[in-house]
Structure formats: C-alpha cells, structure tokens
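Have a look at the structure below, then the notes.
Here, residue 1 is the first one in the sequence, and each next residue gets the next number. Quick caveat: nothing in here was measured; it's all calculated off a predicted structure.
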Amino acid sequence: MATGQNDPERRERIITAALDLIAEEGVAGTSHRKVAARAGVPLGSMTYHFDGMDELLREAFTRFSSSIVAVFEERLGAASTADEARTAVADLVHHLSSGNQRELVLTHELYTLAARKPAYRELTREWMRRSRVALERHFDPATARQLDAMIEGLSIHRALETEPHARALTVEAIARITRSGDARS
C-alpha cells in the first residue's frame with residue numbers, strides 16, 4: 001500500500017469514505033476502522049490525518065455542506081432577473097428532493113449531530129449563512145431567510161412523501177414569500 005507521501009489523495013479518500021459510511025450507517029455506525037477499510041488506507045492513516053473522529057466528522061460535513069451551497073450558488077448565480085431567481089429557487093427545491101437518498105440522509109445526520117453536540121451547530125449555521133448569501137443576491141435578507149427555510153422544508157417534505165407535491169405548490173409558496181420582499185434584480 002502507498003505511503004502518505006506517495007498518496008496525496010489519501011486524506012480526501014478518507015473524507016469521502018466517511019461520508020459514504022455516514023450515509024449508509026449513520027454517524028453512530030461510523031468508526032475509524034470502518035472508514036479506513038472503506039478508504040483502503042491503513043488504520044494509522046486516520047490518526048495521521050485527523051486528530052480524532054470529531055475532526056473527521058467536521059471535515060466531512062463541511063465538505064458536504066459546501067457541495068450543497070455550491071448548488072445554491074450555481075443556480076442563483078445564473079439568474080439575472082427576479083423571475084429567473086424565483087425559478088432558480090423552485091429548481092433548488094425540486095433538485096434537492098429529487099431522490100438523492102445519500103444527500104437526504106447526510107443532511108439529517110448533520111442536523112441530528114448538531115442538535116446533540118453544540119460544537120457542530122457552527123457547521124449548520126455556516127451552511128445556512130452561505131445559502132442565504134446566495135439568495136441575497138436577489139432578495140432582501142428577511143426574504144432570503146424565509147426562502148432558505150422554505151427550500152429546506154419543502155425539499156425534506158418532497159423527499160419523504162410517497163406522493164411529493166407538484167412544482168405548482170413550490171412556485172406558489174415562492175410567490176407568497178417574495179411578494180413582500182421583491183427580488184432585487
């Protein structure tokens with residue numbers, strides 16, 4: 001097996017393996033040994049690259065939340081009018097609830113961890129802050145906060161329903177929220 005010096009991707013593979021395991025077995029079912037085996041690295045690599053499980057979990061969830069924020073930034077960054085921004089918000093709800101079970105589970109695992117351990121709340125607060133910044137390109141801060149919560153709530157509801165709501169309901173909710181906080185563009 002390659003040494004750390006000859007394997008610059010090792011740390012990234014460990015983080016990816018941790019996210020995969022969390023999605024499959026939850027935070028409680030994730031251990032150094034399981035992550036090392038999944039990543040194909042010696043167990044000693046875990047302590048070489050991370051001070052402990054908390055550091056690994058923070059790194060993994062930071063990467064995950066950044067990937068979701070990147071979707072926000074991409075979709076909202078492409079909008080140049082108020083109507084395009086509203087469409088981008090609807091697209092986010094339907095994209096985030098489109099059946100990606102891994103993302104759904106990782107989101108809930110992070111929320112559960114943050115609810116149990118205050119140290120992880122900073123990750124969720126930063127995630128929400130960055131999502132709102134993307135929304136504030138087009139909406140005032142109060143409207144952006146409401147839209148962020150609506151995106152999250154409707155996405156979760158759609159993902160967990162046996163018969164998810166139609167796009168028309170999402171569009172109507174966005175119209176109601178943005179009526180008082182007209183889009184900036």
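For the 3.5 Å distance criterion, the side chains of Arg11 and Ser45 fail to qualify, holding no donor opposite an acceptor.
Heavy-atom minimum distance, Arg137 versus Glu73: NH1-O, 3.3 Å. Contact record, Arg167 with Ala90: NH2-CB, 3.5 Å, taken as the closest heavy-atom pair. In terms of heavy atoms, Leu19 sits closest to Ala60 at CD2-O, 3.4 Å. Scanning all heavy atoms of the two residues, the minimum distance from His138 to Leu76 falls at NE2-O, 2.7 Å. Among all heavy-atom pairs drawn from Val105 and Ile22, the shortest one is CG1-O, 4.1 Å. Considering all non-hydrogen atoms of both residues, Arg102 and Thr16 come closest at NH2-O, 4.2 Å.
For the pair Glu59 (side chain) and Glu55 (backbone), a donor-acceptor distance under 3.5 Å is absent. A donor-acceptor contact shorter than 3.5 Å links the side chain of Lys34 to the backbone of Gly29. With Arg130 contributing its side chain and Val69 its backbone, the two residues share no donor-acceptor pair below 3.5 Å. Without hydrogens or angle criteria, Thr143 side chain to Phe139 main chain gives no donor-acceptor distance under 3.5 Å. Side-chain atoms of Arg158 come within 3.5 Å of backbone atoms of His165 as a donor-acceptor pair (strictly under, hydrogens ignored). Between the Glu172 side chain and the Ala168 main chain, no donor and acceptor come within less than 3.5 Å of each other.
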* To do: Before giving the answer on side chain to side chain contact (heavy atoms under 4.5 Å, CB included), spell out for Val93 and Met150 the whole-Å C-alpha distance, their side-chain angles and the decisive distance to 0.1 Å.
  => CA-CA 8 Å; Val93 169; Met150 184 218 62; 4.1 Å; yes
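Within a 6.0 Å radius of NE2 in His157, other residues, nucleotides and ligands contribute 12 heavy atoms or fewer. In this structure, Arg121 places its CZ atom where more than 12 heavy-atom neighbours from other residues, nucleotides or ligands lie under 6.0 Å away.
Two residues are said to be in side-chain contact when any heavy atoms from C-beta on lie closer than 4.5 Å; His95 and Arg75 meet this criterion. Between Leu135 and Val89 there is a side-chain heavy-atom pair separated by less than 4.5 Å. No side-chain heavy atom of Leu96 sits under 4.5 Å from any side-chain heavy atom of Ile156. Contact check for Ile15 versus Glu12: side-chain heavy atoms found under the 4.5 Å cut-off.
You'll find the ring centres of Phe61 and Trp127 outside the 6.0 Å limit.
The residues Arg125 and Glu122 are annotated as salt-bridged, a charged nitrogen and a carboxylate oxygen being separated by less than 4.0 angstrom. Between Asp140 and Arg145 there is no salt bridge, since no side-chain nitrogen of the basic residue lies less than 4.0 Å from a carboxylate oxygen of the acidic one.
Cluster membership check: Met53 shares its hydrophobic cluster with Leu113, using side-chain heavy-atom separations under 4.5 Å among Ile, Leu, Val, Met, Phe, Trp and Tyr.
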